[in-house]
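First the proteins, then the strands, lettered A, B, ... as listed; each starts at 1. Because only heavy atoms are used, hydrogens play no part in the values below, and waters and symmetry mates are left out as well, while side chains stay in.
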Amino acid sequence: MLDKTVATLEEAVSGIADGSTILCGGFAGSGIPTELMCALLNQGAKDLTLVSNNAGNGRLGMGELIAAGRVRKMIASYSRSVDPKNPNAAEFAEAYVAGRIELECVPQGTLAERLRAAGAGMGPFFTPTAYGTQLAEGKETRVIDGVGYVLEQPLKAEYAFIKAHQADRWGNLNYRFAGRNFSPVMCMAATTTIAQVDEIVPLGGIAPEYVMTPGIFVQRVVVVKGAQ
Amino acid sequence: MLDKTVATLEEAVSGIADGSTILCGGFAGSGIPTELMCALLNQGAKDLTLVSNNAGNGRLGMGELIAAGRVRKMIASYSRSVDPKNPNAAEFAEAYVAGRIELECVPQGTLAERLRAAGAGMGPFFTPTAYGTQLAEGKETRVIDGVGYVLEQPLKAEYAFIKAHQADRWGNLNYRFAGRNFSPVMCMAATTTIAQVDEIVPLGGIAPEYVMTPGIFVQRVVVVKGAQ
Amino acid sequence: MAWQKLSRQRMAQLVVDDIPEGAYVNLGIGMPVMVGECLPKDREIILHSENGILGMGPADTSRPFDTDLVNASRKPVGLVPGASISDHVVSFAMMRGGKLDLTVLGAFQVSGKGDLANWDTGAATNIPSVGGAMDLVVGAKQVYVMMEHNTREGEAKVVDRCSYPLTGAGVVDRIYTDLAIIDVIDGSLTVRGMVEGLTREELQSLTGAPLKFAAQVAVLKN
Amino acid sequence: MAWQKLSRQRMAQLVVDDIPEGAYVNLGIGMPVMVGECLPKDREIILHSENGILGMGPADTSRPFDTDLVNASRKPVGLVPGASISDHVVSFAMMRGGKLDLTVLGAFQVSGKGDLANWDTGAATNIPSVGGAMDLVVGAKQVYVMMEHNTREGEAKVVDRCSYPLTGAGVVDRIYTDLAIIDVIDGSLTVRGMVEGLTREELQSLTGAPLKFAAQVAVLKN
């Protein structure tokens with residue numbers, strides 16, 4: 001019997017080694033796997049590279065990991081706090097200004113495409129995004145039919161942390177509204193995808209046509225009721 | 001008011017010029033826009049390039065267009081008939097053997113990726129598929145970390161012919177089961193996507209989370225009841 | 001004759017007037033948000049948000065805040081009938097793939113050739129954060145910029161050459177400022193509207209790149 | 001002692017015995033279809049079809065034929081509980097992206113280095129038709145081939161170098177024939193099972209590439 005569910009958050013994040021790269025789903029406060037990141041704080045892995053659109057969603061989770069010095073590098077499209085008065089990425093800003101964390105700033109669509117290339121087994125690809133800007137500096141470029149392109153590399157990872165709505169024991173997932181965002185592509189790009197979900201439904205409980213992430217892209221599922 | 005529905009198949013295929021490239025959805029008999037292709041036969045456009053996984057699904061539609069000498073070139077992954085006793089692509093075979101039609105054979109996954117690159121506004125991409133085979137001959141290749149890749153080009157088109165299940169007047173679509181296949185990516189890769197559907201539902205009749213092709217990728221919708 | 005800067009409200013209204021029915025539009029953060037607020041309810045303009053929402057409308061304030069229904073500024077939004085949800089890959093395919101009819105963005109600077117600088121002032125203390133702006137400008141069919149004509153310090157924001165890091169080169173199609181509407185055509189600027197009472201010489205003196213003037217220059221009023 | 005070729009049924013059973021519980025498997029057209037037919041109902045082996053079906057099962061024959069539920073051979077299929085539907089882009093991402101644990105394919109020829117030729121015999125009258133085979137072989141974690149050891153004319157199908165056009169170079173991990181099970185390890189062939197009564201010399205004489213033999217060579221019976 002194929003059963004990807006695990007009983008506890010502790011079990012969900014077990015075995016994550018120092019130096020791992022972890023894709024963290026979520027955008028602007030929706031679809032954030034906060035409880036998995038909190039569990040990782042307890043688990044102890046360090047020297048991590050985190051990949052996420054934003055560099056935190058308040059102190060809980062990613063902010064704590066960064067504040068605790070466990071994150072070596074952040075790969076993100078938007079690491080500043082959106083609202084300086086109510087900063088969502090204060091811990092990152094502090095670590096960045098102090099030179100304690102490395103940042104790779106990637107255009108948001110290129111971030112999605114680099115993850116997709118990795119998940120789909122592709123090599124590098126040419127994208128028009130960022131051509132002629134400083135984010136293309138040092139990268140191979142090519143002009144085709146008058147349009148400039150930048151060669152970008154696949155971005156794969158050992159782990160993905162995902163927040164989904166429902167799962168079955170085969171790891172099929174669905175998401176609520178814009179909670180979907182980067183999650184499907186991150187599930188594809190990681191060797192081991194760990195999903196925290198609101199609830200587990202029986203096999204077949206998600207209609208085949210409405211599965212948003214097929215279980216083949218998911219390795220561990222844990223229920224977190226009343227997630228942040 | 002934004003209304004992409006048109007009343008007749010004739011209107012749906014109007015304006016298609018000689019020499020156009022048309023993406024035709026469908027795989028192995030499912031999701032085939034047969035009635036749109038039949039309408040194109042009446043419409044008269046010639047010197048066409050058709051892009052489709054298979055080179056026909058019986059005589060009706062694509063077979064007739066090929067038999068009538070209206071198709072200059074076929075881009076497909078599998079142009080042979082699957083069952084020689086009950087051939088699905090007899091008209092193509094006849095035209096091909098007689099030298100009346102050109103064929104570009106593309107690995108199925110590469111066909112999907114080339115369409116996706118066009119639809120997503122990307123440039124060329126490196127894929128491991130076909131590396132070291134005759135389908136990579138004459139193409140740029142690169143070896144990265146010991147893996148060989150072939151550079152493949154985006155494949156865009158003036159038109160896509162799509163069969164979907166339901167649509168609303170904004171062009172949002174859903175599909176039944178494996179009728180989905182190439183359709184979503186073909187909708188993305190064409191300038192003008194023309195969808196034949198089983199029925200039109202009111203705006204909001206397809207739940208936002210279950211829209212399979214957002215209307216932004218669809219330009220014309222026509223109802224065909226009891227489609228082949 | 002004295003002249004008055006256009007209000008932000010009026011600038012937004014001018015943009016709205018130029019959006020065709022049925023257009024797919026992405027509105028950037030900052031001033032462009034007002035364009036969304038000015039859209040008449042009887043027009044079908046379909047708003048796109050980079051986090052996969054197509055068909056964004058006002059949030060239903062009678063319900064508790066739903067974190068899964070937010071825009072890129074983390075603000076609550078709603079879904080209009082006909083809305084759809086996509087993941088980030090498809091959402092950005094819409095942007096880069098030329099499917100959006102229009103994006104309206106704020107800017108630090110726009111050059112006379114249509115270069116846009118709107119993501120970073122290049123200050124040493126900045127945390128580089130580009131978001132989706134670079135994808136939008138390469139893909140949207142039309143890129144409109146909404147910004148004040150001059151900085152608070154009186155410096156031109158329409159410049160000969162951007163001193164801030166570029167978001168994209170030659171990507172801007174039209175600029176709406178509190179003084180003028182300026183088209184970027186074949187790498188040069190053509191004024192198509194100016195506030196009432198402003199002279200062409202005055203506008204040029206407040207602008208860092210050479211201006212041409214359309215045969216018909218509209219008179220803009222608050 | 002006389003020896004007998006394995007039946008196709010027995011070959012399929014040998015493959016089934018080697019598939020771990022919970023594996024994601026794509027079965028090619030032709031002989032591999034029998035593997036699906038041999039799968040015991042109490043095992044959870046998840047079958048993938050290139051047209052976006054993950055979790056394929058037998059068709060419900062009590063219902064009329066549904067053209068939207070077919071496999072790559074245009075045959076009716078069903079969906080098991082837990083099945084999902086994807087479009088072609090995602091379906092092939094599973095294949096190329098290394099998510100499938102196993103694909104079982106038919107072959108015209110396999111070389112001693114694991115090169116596979118299974119899409120074209122190179123005949124001038126052939127219509128080039130590759131389908132999804134090239135994507136499968138670059139991506140699946142394990143590529144098994146099922147084929148007869150020799151052609152009807154007695155020619156070896158395990159060859160030193162494929163004379164037919166390649167599907168992929170160095171991609172095959174294991175070969176199941178009606179005479180033997182052969183692993184491809186570091187570019188050479190190691191026999192791990194042979195039909196009862198066949199000598200190593202006889203097997204080598206029927207094979208076009210040099211064979212090594214595992215420490216334990218299983219005895220295969222019908």
Side-chain angles (χ1 to χ4, degrees), chain A residues 1-5 23 112-123 125 154-158 160 164 166-175 180 183-193 200-221, chain D residues 19-26 39-57 60 66 68-69 77-103 132 134-141 143 168 171:
Chain A
M1 193 171 107
L2 178 62
D3 188 357
K4 297 178 179 177
T5 61
L23 314 176
E113 286 294 318
R114 290 181 59 194
L115 293 165
R116 206 201 78 89
M122 309 301 285
F125 56 88
L155 177 54
K156 64 184 177 184
E158 287 87 8
Q166 294 176 313
D168 63 27
R169 66 175 167 84
W170 282 8
N172 290 308
L173 303 180
N174 66 18
Y175 308 92
R180 195 181 315 183
S183 298
V185 74
M186 286 182 168
C187 288
M188 291 171 64
T191 306
T192 301
T193 290
I200 304 276
V201 298
L203 215 54
I206 307 174
E209 289 160 293
Y210 297 142
V211 169
M212 295 175 190
T213 290
I216 195 170
F217 297 124
V218 178
Q219 282 67 43
R220 301 179 197 169
V221 173
Chain D
I19 304 178
E21 184 76 359
Y24 294 95
V25 180
N26 181 297
L39 285 176
K41 292 226 160 82
D42 62 344
R43 294 195 60 198
E44 290 192 348
I45 308 290
I46 302 167
L47 297 182
H48 171 265
S49 178
E50 58 210 274
N51 56 331
I53 304 179
L54 187 65
M56 213 169 30
D60 180 350
D66 185 339
D68 290 333
L69 277 174
V77 299
L79 300 174
V80 301
S84 62
I85 300 289
S86 301
D87 71 0
H88 252 76
V89 169
V90 171
S91 180
F92 276 77
M94 295 176 191
M95 293 157 73
R96 244 186 350 252
K99 305 301 178 180
L100 290 177
D101 295 295
L102 173 66
T103 184
M134 287 186 180
D135 301 282
L136 267 172
V137 298
V138 298
K141 287 181 197 161
V143 176
V171 295

Taking all non-hydrogen atoms of both residues, which atom of D:G82 and which atom of A:N172 are closest, and how far apart? O-ND2, 2.8 Å
At a heavy-atom separation under 4.5 Å, does D:V138 approach chain A through its side chain, its backbone, both, or neither? neither
Can you tell if the side chain of D:V89 reaches within under 4.5 Å of the side chain of A:R116, non-hydrogen atoms only? yes
Quick one: closest heavy-atom pair of A:M1 and D:E21, and the distance? N-OE2, 2.7 Å
Choice from A:V211, A:L203, A:T213, A:D168 maximising heavy atom contacts with chain D below 4.5 Å: A:L203
Which region of A:Y210, side chain (C-beta onward) or backbone (N, CA, C, O), has a non-hydrogen atom less than 4.5 Å from a non-hydrogen atom of chain D, or is it both or neither? neither
Is there a donor-acceptor pair closer than 3.5 Å between any side-chain N or O of D:K99 and the backbone N or O of A:M188? yes
Heavy-atom side-chain contact between D:V80 and A:W170 under 4.5 Å: yes
Is there a side-chain contact between A:L2 and D:I46 in this structure, where contact means two heavy atoms from C-beta onward sitting under 4.5 Å apart? yes
What distance separates A:I216 CD1 from D:S91 OG, expressed to the nearest 0.5 Å? 9.0 Å
With a 4.5 angstrom heavy-atom cut-off, is it the side chain or the backbone of D:I53 that approaches chain A, or both, or neither? neither
To the nearest 0.5 Å, what is the distance between OG (D:S86) and CZ (A:F217)? 6.5 Å
Less than 4.5 Å to any heavy atom of chain D: does that hold for the side chain of A:K156, its backbone, both, or neither? neither
